[in-house]
Structures are given as structure tokens and as C-alpha cells.
Amino acid sequence: MKKANKLLMYFRKGSILKVNNQTRFHEMERRIRLKTLNPHITCKICRGYLIDATTVIECLHTFCKSCLVKHLEDNNTCPTCEIVIHQSHPLQYISYDRTMQDIVYKLVPNLQQNEIRRERDFYKRRGMPYPKIIPNNCIEKEAGSQSSSSKVEDCDYHRSDEQVNILLEAQSSALKQMRRKFIRCSAQVTVTHLKKFIAKKVFNNMDKYREVDILCNEEILGKDHTLKFVCVTRWRFKDPPLKLYYRPRLDLT
């Protein structure tokens with residue numbers, strides 16, 4: 001982090017000038033040290049840069065996902081403001097913050113590449129297959145190369161995400177079973193994405209996704225939950241595939 005603190009971030013700032021009675025917009029560059037942004041892009045639990053940034057829906061404080069999930073195993077309050085997230089199911093009220101994570105990766109040079117290497121070494125030391133599919137040209141990015149930086153962004157299409165194997169089955173006879181029940185997709189896919197997929201396959205109309213509920217362990221999943229979140233909170237010690245069931249939506253009002 002000390003090395004990163006010496007880096008200078010450039011921001012453009014506008015000002016209004018009057019020249020010969022004409023108003024003009026003058027553009028200036030302002031240099032900001034990365035350390036001044038650290039309080040906004042670091043986890044208050046581990047004090048490191050945010051990895052898998054996850055935000056508490058109630059108060060909008062953000063932490064590393066692994067740090068927050070571990071904290072909520074024994075607590076139901078936010079580590080920063082100590083507000084009660086939920087009395088019994090606090091894990092249902094946190095959400096992956098892709099925008100914040102993208103900001104962190106763009107601000108901190110080589111953070112994403114270094115994190116990928118650490119993950120790969122972790123799985124390699126334990127003789128486990130690496131769950132993410134990372135193209136080589138996305139990992140071996142040359143420092144300071146704009147062309148290689150653009151390749152990292154262009155070669156994604158979510159193929160570089162961690163992959164999850166799921167089994168989708170109809171829980172009710174009111175909805176037909178899909179021909180292909182086993183699916184492999186990005187861990188960042190949300191429950192809403194799955195609902196739209198099911199609506200397309202079952203009703204042949206994606207707009208009917210609101211008429212479907214998806215359950216795991218007999219519990220209805222929130223529409224913004226990602227598959228990664230479901231795996232961590234509801235399928236943590238079980239073998240794959242992740243078993244999900246769909247049924248017609250129950251109107252409780």
C-alpha cells in the first residue's frame with residue numbers, strides 16, 4: 001500500500017473564465033495522491049483494498065465480501081456504524097457492489113492481477129482446480145501499456161468470472177421442467193437473471209419473470225442475490241451443483 005500511496009491520480013476540474021467579455025470554460029488538471037482516496041476504497045475490517053466489494057443495504061457501508069460474511073457469522077450489526085442489519089438473517093441484506101469493485105481495480109494498479117495470482121496459488125497449493133476461467137492475456141498485463149489494458153476490458157464477457165454449476169428444477173407441476181436442467185454460468189449472475197432465463201424457457205416470454213419464485217433449501221431467494229452469495233450463505237458445505245427450484249410466485253399481499 002505504501003507504494004500505491006506515492007502514485008498520483010489525475011482529475012480534470014473545470015472553471016469559468018471571462019475573456020474579452022466572453023464566458024469560457026477552462027479545463028485544469030488537478031493531481032491527487034492515492035492515499036487521500038484510501039479511506040473510501042479500503043475495507044474497515046481488514047484495512048486492505050476492497051476485494052469482492054459488498055455493501056450493507058441498510059446503511060451502505062462497504063467491505064470485502066469474505067470479511068463481512070465472517071463478521072456476520074457471529075454478529076448482526078454493521079462493523080462500521082453498528083446498526084442492526086437484520087435480527088435473524090443479516091446475510092440476506094448485503095449485496096455485491098460491482099461498481100465499487102470496478103472503481104477500486106481502476107484506481108489501484110495491478111490489484112486485480114495480483115489478486116488473481118494469489119487465488120490461483122491458493123488453489124494450486126491445495127491441489128484444487130481453479131474455479132475461475134482467466135484468459136492469459138487478461139492476467140499477464142504489461143505495466144503501463146494502454147493496449148494491454150484495453151484487452152483486459154475487452155476480453156471479459158464474464159468468462160473471467162468464477163463459474164457456478166447449478167441444477168434448476170420445477171418444484172410445482174404448474175410449471176414444466178426444462179429440457180436442460182444443468183447450467184454453468186458466472187457467479188455474478190443474479191436471481192433476477194435466472195428468473196428471466198426460466199421465463200424465457202418456460203413461458204417463452206421474458207417479461208413474465210416476475211411470476212416466478214426461485215428457492216434454495218425451501219427458502220425464497222432475493223431478486224438481487226448473486227449465485228456467489230447463494231453459494232456462500234446457503235450451499236457453503238455442500239457438494240455441487242447448487243440445487244435451485246422454481247415455482248409460480250406466491251402473492252402474500
Side-chain angles (χ1 to χ4, degrees), residues 1-15 26-87 89-122 132 134 138-139 141 143-146 148-150 152-153 156 160-162 187-188 190 222 224-226 228-229 232-233:
M1 186 177 290
K2 290 183 178 180
K3 182 179 179 181
N5 285 341
K6 297 179 181 179
L7 296 171
L8 297 178
M9 309 305 298
Y10 289 84
F11 291 86
R12 293 193 177 278
K13 184 178 180 181
S15 61
H26 181 66
E27 197 174 50
M28 299 181 298
E29 277 191 349
R30 181 185 177 190
R31 297 192 302 173
I32 299 179
R33 293 185 181 276
L34 184 58
K35 67 179 181 181
T36 62
L37 301 177
N38 281 342
H40 307 287
I41 59 176
T42 54
C43 174
K44 299 302 186 295
I45 299 177
C46 68
R47 304 297 178 183
Y49 288 118
L50 292 167
I51 300 297
D52 291 335
T54 301
T55 298
V56 178
I57 297 176
E58 185 68 23
C59 58
L60 301 181
H61 289 126
T62 306
F63 311 89
C64 297
K65 188 167 192 174
S66 59
C67 295
L68 183 57
V69 169
K70 186 175 180 180
H71 169 82
L72 295 180
E73 288 180 351
D74 302 315
N75 303 273
N76 62 358
T77 58
C78 171
T80 296
C81 64
E82 298 185 352
I83 187 174
V84 176
I85 301 173
H86 191 271
Q87 290 290 352
H89 300 290
L91 289 173
Q92 295 185 24
Y93 295 86
I94 62 177
S95 178
Y96 177 69
D97 195 333
R98 177 179 289 276
T99 301
M100 174 58 77
Q101 191 59 62
D102 288 344
I103 291 173
V104 175
Y105 281 152
K106 287 183 181 298
L107 288 177
V108 185
N110 300 320
L111 176 64
Q112 184 176 18
Q113 288 71 30
N114 292 336
E115 183 63 23
I116 291 172
R117 292 190 183 97
R118 283 192 290 268
E119 288 180 352
R120 296 180 74 177
D121 292 341
F122 174 86
K132 297 182 180 180
I134 308 293
C138 287
I139 301 172
K141 187 183 78 168
S145 172
Q146 294 183 355
S148 58
S149 177
S150 62
V152 175
E153 298 176 356
D156 189 355
S160 61
D161 292 349
E162 180 178 350
Q188 302 308 325
T190 66
D224 295 324
H225 289 172
T226 63
K228 178 67 174 180
F229 176 79
V232 171
T233 59

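The two residues Cys78 and His71 have their closest heavy-atom pair at C-NE2, 4.4 Å. Closest approach of Tyr49 to Cys64, counting heavy atoms only: O-SG, 3.8 Å. Summarising the geometry of Ala53 relative to Thr62, their closest heavy-atom pair is CB-CG2, 3.8 Å, with the distance given to 0.1 Å. The nearest pair of heavy atoms linking Pro39 to Lys44 is O-NZ, 3.0 Å. Taking both residues in full, the closest heavy atoms of Asp52 and Gln101 are given as N-OE1, 2.7 Å, listed atom of the first, atom of the second, then distance. When all heavy atoms are compared, the tightest approach of Thr36 to Arg33 is OG1-O, 2.5 Å.
Contact check for Leu68 versus Val56: side-chain heavy atoms found under the 4.5 Å cut-off.
One distance of note links NZ of Lys65 with CG of Leu50; it measures 13.5 Å at 0.5 Å rounding. Separation of atoms CG (Leu107) and CD1 (Ile41) is listed at 5.0 Å; rounding is to 0.5 Å. Of the inter-residue distances, the one linking Thr233 atom OG1 with His225 atom NE2 reads 7.0 Å to the nearest 0.5 angstrom. Note that CG of Asn114 and CD1 of Ile116 are 9.5 Å apart. Values are rounded to the nearest 0.5 Å. To the nearest 0.5 Å, the span separating CG on Asn110 from CZ on Arg117 amounts to 7.5 Å. Atom SG of Cys81 is separated from atom CD of Glu58 by 8.5 Å, given to the nearest 0.5 angstrom.
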Note to self: Could you walk me through whether Ile51 and Tyr105 satisfy the side-chain contact (heavy atoms from CB on, under 4.5 Å) test, starting with their C-alpha distance in whole Å, then the side-chain angles of each, then the deciding distance to 0.1 Å, before giving a yes or no?
What the structure shows: CA-CA 9 Å; Ile51 300 297; Tyr105 281 152; 4.1 Å; yes
Check: Given Thr54 and Lys228, is the side-chain contact (heavy atoms from CB on, under 4.5 Å) satisfied, shown in steps?
Finding: CA-CA 12 Å; Thr54 301; Lys228 178 67 174 180; over 6 Å; no
Next item on the list: Show the numbers, then the answer: is there a salt bridge (Lys or Arg N to Asp or Glu O under 4.0 Å) between Arg118 and Glu115?
Entry: CA-CA 5 Å; Arg118 283 192 290 268; Glu115 183 63 23; 2.9 Å; yes
Next item on the list: Take Thr190 and Phe229 through the side-chain contact (heavy atoms from CB on, under 4.5 Å) test and state the conclusion after the steps.
Entry: CA-CA 9 Å; Thr190 66; Phe229 176 79; over 6 Å; no
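Using modelled atom types, one finds no donor on one side chain facing an acceptor on the other under 3.5 Å when comparing Ser95 with Thr55.
Checked against side-chain contact (heavy atoms from CB on, under 4.5 Å), Asp224 has no partners two or more places apart in sequence or in another chain.
Counting non-hydrogen atoms of neighbouring residues, nucleotides and ligands closer than 6.0 angstrom, the CD atom of Glu73 exceeds 12 such neighbours.
Looking at Thr77, Leu72, Asn76, Ile57 one by one, the single match for side chain to side chain contact (heavy atoms under 4.5 Å, CB included) with Ile85 turns out to be Leu72.
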